[in-house]
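Let me begin by presenting the structure, written as structure tokens, before commenting on it.
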Amino acid sequence: MGEEQMWIGGEWCASSTGETSDVLNPATGDIIATVPRASPEDVERCVTSSRAAFENPDWKAMDPAQRGRILNKMAAVTYAKAKELAVLESTNNGKTFREALSEIRYGAWTLEYFAGLSDKIEGSTIPVPGARLNYTLRQPLGVTAHIVPWNFPLQLALRSIAPALAAGCTVIAKPASWTPLSLLAWAKAVDEADTGLPSGVLQVLTGSGALVGDGLAGHPGVDGVVLTGGVPTGQAVMAKASENLTPVTLELGGKGANIVFPDANLRYAAKAICFGIFMNAGQMCWAGSRLLVHEDVHDELVKAVCDEVSKWAVGPGMEEGVRMGSLVHERHRAEVLEKLEAGLAQGGTVVLGGKALERDGAFMEATVVTGVGQDDLLFQDELFGPVLTVTSFADDEEALALANNTPFGLLNGVWTNDLGRAHRLARDLECGMVSINEYPITFPQTAFTGWKHSGIGIEQSQDALRFYTKVKNVNVKL
Ligand code: NAD
């Protein structure tokens with residue numbers, strides 16, 4: 001069992017109080033490590049170090065192309081250590097090794113993508129009347145706090161760390177209490193790799209959201225807060241940040257729909273629908289947790305989905321052949337099952353799964369519920385587990401209304417071979433991302449963004465860099 005440390009001001013250290021928290025393997029319930037439980041004093045020390053690192057000319061005056069080279073070295077370390085990190089991720093989070101490996105490689109790719117953008121953050125010259133020169137500067141936002149969830153612990157940390165560093169900000173990252181190990185191990189690998197990153201530019205603090213996350217969000221020394229997490233956490237972080245008018249990027253929940261028309265390739269759609277809700281045991285903001293299917297192909301598609309996922313072995317993520325691992329924690333599984341039960345009391349028929357697995361660990365069956373009404377809890381609420389609801393529709397108009405009838409607006413999928421219908425739905429769906437005939441899909445170079453309760457701001461793509469830079473307008477009388 002490892003006794004892990006935090007990374008503050010270039011030093012690996014314990015909490016100022018010496019307090020620690022246990023970290024579990026959810027597939028066995030075993031304690032696999034302890035991590036420091038940061039105190040308010042540690043938060044203070046971290047913010048002070050981050051400010052000093054931000055002002056340090058070694059970072060502030062660094063050639064932006066050099067920042068890119070450093071990010072490329074970080075990407076190379078991540079690729080080189082990917083398998084090791086994936087073992088840790090699978091052991092700590094419960095997901096399969098294959099899922100963990102692709103998550104970590106995606107994180108490395110994100111570092112590479114933003115490495116290439118570090119020297120392309122350009123301002124503009126603006127035509128104004130008279131003998132004047134008018135231009136904009138885009139300057140780094142400053143000290144940024146990154147509050148990370150437990151479902152893709154390393155990838156979602158790297159998703160925002162990469163653009164922040166590319167833009168010249170400094171970073172304080174706080175992993176979720178249940179899953180701190182991959183981010184700590186990655187930071188250690190980066191530290192040991194001698195990438196040229198000046199001391200204190202990147203720090204990792206472990207501890208509770210209520211204390212460390214809240215402390216960072218409300219700190220006057222923090223210039224920007226990025227949270228990926230649940231809606232209530234987003235609201236708490238935004239309220240806290242508002243005390244100092246600190247800008248926030250919030251990537252919150254989702255209730256994605258796959259909308260399937262009779263002219264779609266149903267066999268392929270069934271596989272993607274399973275991937276979209278049972279990968280990572282359904283613990284994904286962009287999970288396609290709602291299947292909206294045309295009444296003419298309802299029975300055929302439900303059968304194809306159930307046949308497909310019945311082939312998925314459920315078990316410990318490190319076991320060969322397992323397709324669906326453990327949920328992240330027994331407490332989380334209990335919440336998913338509780339919501340499922342409350343939802344089923346309103347209606348719906350369980351046609352597959354529906355229960356916890358009777359064995360050690362936080363395992364649950366892949367679950368499919370048909371006949372779910374649009375006002376039901378199962379249709380409206382994010383369960384964040386392996387539960388697919390099925391609702392049928394008669395025409396395009398009804399499909400669109402159903403898809404849009406949730407508080408969330410992250411990713412929706414459309415399955416059809418009718419181009420006109422596909423693009424009409426892409427236009428009219430109230431969400432930040434739409435995918436046609438594929439689900440789920442994203443790339444470091446494309447915006448990951450939610451509308452409505454799914455969030456504020458943009459991750460990934462060149463647009464992400466807007467958050468990490470401040471615009472300054474300069475006017476010169478000639
Ligand atoms: P969570 O909201 O419980 O925790 C997220 C992070 O916030 C953790 O690090 C936690 O310690 C911290 N936190 C908790 N309370 C806080 C507070 N009061 N102030 C500051 N920080 C606080 O989320 P989770 O359970 O780890 O993750 C699941 C949620 O995240 C789901 O709702 C999911 O949809 C969402 N999510 C969204 C995206 C996206 O990109 N939109 C991606 C992944 C997960």
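Using modelled atom types, one side-chain atom of Ser102 and one backbone atom of Glu99 make a donor-acceptor pair closer than 3.5 Å. Within the 3.5 Å criterion, the main-chain N or O of Leu154 finds a donor-acceptor partner in the side chain of Glu89. Side-chain atoms of Asp42 never come within 3.5 Å of backbone atoms of Leu205 as a donor-acceptor pair (strictly under, hydrogens ignored). When atom types are taken as modelled, the side chain of Thr110 and the backbone of Tyr106 share a donor-acceptor pair closer than 3.5 angstrom. Side chain of Thr78 to backbone of Met74: a donor-acceptor contact under 3.5 angstrom is found. The backbone N or O of Asp381 sits less than 3.5 Å from a side-chain atom of Lys255, completing a donor-acceptor pair. Side-chain atoms of Thr367 never come within 3.5 Å of backbone atoms of Val387 as a donor-acceptor pair (strictly under, hydrogens ignored). Using modelled atom types, no side-chain atom of Ser50 and backbone atom of Val47 make a donor-acceptor pair closer than 3.5 Å. Side-chain atoms of Gln203 come within 3.5 Å of backbone N or O of Gly9 as a donor-acceptor pair. Put simply, the side chain of Thr228 never gets that close to the backbone of Val148: no donor and acceptor are under 3.5 Å apart.
Here the CZ-CD distance, from Phe275 to Glu438, works out to 10.0 Å after rounding to the nearest 0.5 Å. In this structure, the separation between SG on Cys13 and CD on Gln5 is 7.0 Å, given to the nearest 0.5 Å. Atom CG of Leu183 sits about 11.0 Å away from atom NE2 of His146, to the nearest 0.5 Å. Rounding to the nearest 0.5 angstrom, the gap separating the NZ atom in Lys355 from the CG atom in Leu337 is 10.5 Å. The structure places NZ of Lys477 at 12.5 Å from CG of Asn134, a figure rounded to the nearest 0.5 Å. The CE atom of Met324 sits 14.0 Å away from the NZ atom of Lys95 when rounded to the nearest 0.5 Å.
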Salt bridge (Lys or Arg N to Asp or Glu O under 4.0 Å) between Glu55 and Lys60, worked out: CA-CA 6 Å; Glu55 297 300 341; Lys60 199 167 197 172; 2.8 Å; yes
Stepwise salt bridge (Lys or Arg N to Asp or Glu O under 4.0 Å) test for Arg51 and Asp223: CA-CA 10 Å; Arg51 177 64 54 197; Asp223 302 305; 2.8 Å; yes
Met364 and Leu357: CA distance, side-chain angles, deciding distance, side chain to side chain contact (heavy atoms under 4.5 Å, CB included) verdict: CA-CA 5 Å; Met364 180 179 166; Leu357 252 62; 5.8 Å; no
Criterion side chain to side chain contact (heavy atoms under 4.5 Å, CB included) on Trp186 and Ile104, from CA distance to verdict: CA-CA 10 Å; Trp186 173 80; Ile104 283 149; over 6 Å; no
Worked check of side chain to side chain contact (heavy atoms under 4.5 Å, CB included) between Met284 and Phe152: CA-CA 8 Å; Met284 300 179 286; Phe152 294 92; 3.7 Å; yes
Derivation and outcome, side chain to side chain contact (heavy atoms under 4.5 Å, CB included), residues Val471 and Arg138: CA-CA 5 Å; Val471 168; Arg138 283 177 66 188; 4.1 Å; yes
Candidate pair Thr406 and Arg290, rule side chain to side chain donor-acceptor pair (under 3.5 Å), full reasoning: CA-CA 11 Å; Thr406 85; Arg290 295 178 301 154; 4.6 Å; no
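Ile458 places none of its side-chain heavy atoms less than 4.5 Å from the side chain of Arg466. Looking at heavy atoms from C-beta onward, Phe408 lies out of side-chain contact with Lys452 at the 4.5 angstrom threshold. Asp360 is not listed as a side-chain neighbour of Thr28, based on a closest heavy-atom distance of 4.5 Å or more. Leu137 has its side chain within reach of Val474: a pair of non-hydrogen atoms, C-beta onward, lies under 4.5 Å apart. Within the 4.5 Å cutoff, the side chain of Ser160 has heavy atoms near those of the Tyr468 side chain. Using a 4.5 Å heavy-atom threshold, the side chains of Thr206 and Pro175 count as touching. Residues Gln445 and Trp109 are in side-chain contact: their nearest non-hydrogen atoms beyond the backbone lie under 4.5 Å apart. Residues Arg37 and Thr17 are not in side-chain contact: their nearest non-hydrogen atoms beyond the backbone lie 4.5 Å or more apart.
Closest approach of Tyr439 to Ala257, counting heavy atoms only: CE1-O, 4.2 Å. The shortest non-hydrogen separation linking Pro153 to Ser182 is CB-OG, 3.8 Å. Heavy-atom minimum distance, Gly196 versus Met62: O-CE, 4.2 Å. Nearest heavy-atom pair across Leu378 and Lys339 is CD2-O, 4.0 Å. Nearest heavy atoms, Val336 versus Leu383: CG2-O, 3.4 Å. The heavy-atom pair separating Ala53 from Ser199 by the smallest distance is CB-O, 3.7 Å.
Under a cut-off of 6.0 angstrom, the local environment of CE in Met318 is crowded, with over 12 non-hydrogen atoms contributed by other residues, nucleotides or ligands. For Lys83, the NZ atom is loosely surrounded, since the number of other residues' heavy atoms within 6.0 Å does not exceed 12. Environment of CD in Glu41: sparse, with no more than 12 heavy atoms of neighbouring residues, nucleotides or ligands closer than 6.0 Å. Heavy-atom neighbours of Glu19 CD from other residues, nucleotides or ligands within 6.0 Å: above the threshold of 12. In the displayed structure, Gln139 atom CD is contacted under 6.0 Å by more than 12 heavy atoms of other residues, nucleotides or ligands.
Remark: of the listed residues Leu388, Val368, Val309, Leu388 is the sole one forming a side chain to side chain contact (heavy atoms under 4.5 Å, CB included) with Ile273. Considering Asn92, Leu88, Asp22, Leu24 as possible partners of Ile32, the one that fulfils the side chain to side chain contact (heavy atoms under 4.5 Å, CB included) test is Asn92.
Donor-acceptor pairing under 3.5 Å is recorded for the side chains of Thr442 and Gln460. Counted by atom type alone, Arg45 and Ser16 present zero donor-acceptor pairs between their side chains at under 3.5 Å. Checking Thr136 against Ser124 by side-chain atom types alone, a donor-acceptor pair falls below 3.5 Å.
Aromatic rings of Trp150 and His329 (six-membered ring for Trp) have centroids beyond the 6.0 Å cut-off, not under it.
Annotation: cation-pi geometry not satisfied between Arg333 and Phe363 (NZ/CZ under 6.0 angstrom from ring centroid, within 45° of ring axis).
Between Phe278 and Trp312, the two ring planes are perpendicular [angle over 60°; tilted spans 30° to 60°].
The ring pair (Phe, Tyr, Trp, His ring centres under 6.0 Å) check on Phe54 picks up nothing, with sequence neighbours excluded.
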